[in-house]
Amino acid sequence: AIAVDNARLFTASEASQQQLRKKLLELETLLDVAPIPICTTDDLECRRIYANREFTRMLGLPSGANLSVHVPPEERVPWKYMREGRELQADELPMQLAVKRGQQVRGAELQIVSPEGDTSFTVLANAKPLCDEAGNVRGGIVALLDITEREVFLQAMLTKERDLSAKEAELRLVIDSLPSLVSYITPDGRYRYANRSYRVWMEPDIDVTGKHLEDVLGQPACDLLKPYRDRALSGEPVAFEGLVPFRHGGERFVHCAYIPDKDEAGHVRGYVAFITDRTQLLGPLQVPLRVRQPGLVDLRRRESAQYAKQ
């Protein structure tokens, strides 16, 4: 009877071991075919670190290579692990931290750099300790996500943004140097930009960015300019001149042009206003009689009428 019981126990144990070996083979196969780099270790000192096929492919290493830094220099994999230009020590690496602390490490970003420094990969690492049935740490595993292309894209975008910022600064310098008053007005009647000549012309020099036209120019001036503003926002370039009662500086004889700004679909997203103050050039007695009172003349329509008479 004892022999029979022992045989049954042996058979059950053998079956259990076969099942475990099967599951182990399945897990090893899963790790090997995973499309992301994965490393595992089966000791607390991380002296034996083995990589799956994707990791060895990425680094150009032979299958079965030990990636641990705790090996003789002549056996060590020459790739370096860096963060912000500094080489990480062994105990700073994600899997080593997970094994040492017995806690999961998520989203650790680092660079894997070739010995020559001409090849590098930026990765996000998630590491987790492996525990036995009693909950004791016996090893660890780390999975990497290659975000090199994302970093290259971000760097390209940052470079492009810096170039655009430099060009914008140059353009603003040119526009600020113009004697004409230049501003950009949004559809809701607010200033997105005004050059220095415009700001100084306001008397006193104020920053009009974000302010509404009525708050800067005054209601009478806005009422007078509204028909031309509406035409510009409908997509029509307009040019006009006349005597305008501004809140700051009083009545001015100005020449104005509103140029619509359209997006790729043809929708108007604002307009650029060019204003030339001719009051001092003409003098009060030289202001045309037709504009001695506040009012505006549409230059485009006047030119069209003159052309028609000819």
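What you see is a predicted model, and the numbers here were worked out from it, not measured in a lab.
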Examine distances only and state if a side-chain atom of D261 and a backbone atom of V272 form a donor-acceptor pair shorter than 3.5 Å. no
P245 versus L224: any side-chain heavy-atom pair under 4.5 Å? yes
Exam field: side chain T122 to backbone Q111, donor-acceptor pair closer than 3.5 Å: no
How many angstroms lie between atom SG of C46 and atom CE of M95, to the nearest 0.5 angstrom? 5.0 Å
Which distance, rounded to the nearest 0.5 Å, do you find between the CZ of R86 and the CD of E92? 4.0 Å
Any side-chain heavy atom of I147 sitting closer than 4.5 Å to one from E109? yes
N/O donor-acceptor pair under 3.5 Å between R199 side chain and A194 backbone: yes
If you look at every heavy atom in C256 and V254, which pair is closest and at what distance? SG-CG2, 3.7 Å
Rounded to the nearest 0.5 Å, what separation is found between the OG1 atom of T148 and the CE atom of M58? 7.5 Å
Count I, L, V, M, F, W, Y as connected when their side-chain heavy atoms are under 4.5 Å apart, and connections chain through other members. Are F121 and L144 then in the same cluster? yes
Tell me if a side-chain donor or acceptor on W79 pairs with a main-chain N or O of L59 at a distance below 3.5 Å. yes
Is it the case that the side chains of D43 and T41 hold a donor-acceptor pair, with the cut-off being a distance below 3.5 Å and no angle test? yes
Counting only pairs under 3.5 Å, give me each side-chain donor-acceptor contact of residues 210-221, with atom names and distances, residues two or more places apart or in other chains.
| residue | atom | partner | partner atom | Å |
| --- | --- | --- | --- | --- |
| H212 | ND1 | E214 | N | 3.2 |
| H212 | NE2 | D188 | O | 3.2 |
| Q219 | NE2 | D223 | OD1 | 2.7 |

Partner of E236 under salt bridge (Lys or Arg N to Asp or Glu O under 4.0 Å), picked from K262, R231, R229, is R231
About how many Å separate OG of S180 and OH of Y198, when rounded to the nearest 0.5 Å? 12.5 Å
Keeping R48 on the side-chain end and S68 on the backbone end, is there a donor-acceptor pair under 3.5 Å? no
Using side-chain heavy atoms (C-beta onward) and a distance below 4.5 Å, is D277 in contact with F253? no
Determine yes or no for a side-chain-to-main-chain donor-acceptor pair under 3.5 angstrom, with N52 supplying the side chain and I36 the backbone. yes
Work out which heavy atom in P94 is nearest to a heavy atom in V105; give both atom names and the distance. O-CG2, 3.8 Å
With T56, which residues qualify under side chain to side chain contact (heavy atoms under 4.5 Å, CB included), at least two apart? A51, L61
Show the nearest heavy-atom pair for residues G102 and V137, with the distance to one decimal. CA-CG2, 4.0 Å
Interatomic spacing from NE2 in H255 to CD1 in I275 - rounded to 0.5 Å: 11.5 Å
Could you measure the distance from the CG atom of L243 to the CZ atom of R252? Nearest 0.5 Å is fine. 11.0 Å
Less than 4.5 Å apart, any side-chain heavy atom of N66 and any of I49? yes
Step by step, work out the side chain to side chain contact (heavy atoms under 4.5 Å, CB included) result for V123 and Y81. CA-CA 10 Å; V123 298; Y81 301 94; over 6 Å; no
If you draw a 6.0 Å radius around CD in E84, do more than 12 non-hydrogen atoms from other residues or ligands fall strictly inside? no
Aromatic ring centroids of Y228 and Y258 under 6.0 Å? no
Please step through side chain to side chain contact (heavy atoms under 4.5 Å, CB included) for the pair F55 and L67, ending with a clear verdict. CA-CA 10 Å; F55 205 160; L67 274 62; 3.9 Å; yes
Would you say R76 has more than 12 foreign heavy atoms packed within less than 6.0 Å of its CZ? yes
Do L181 and F274 come close enough that some side-chain heavy atom pair is under 4.5 Å? no
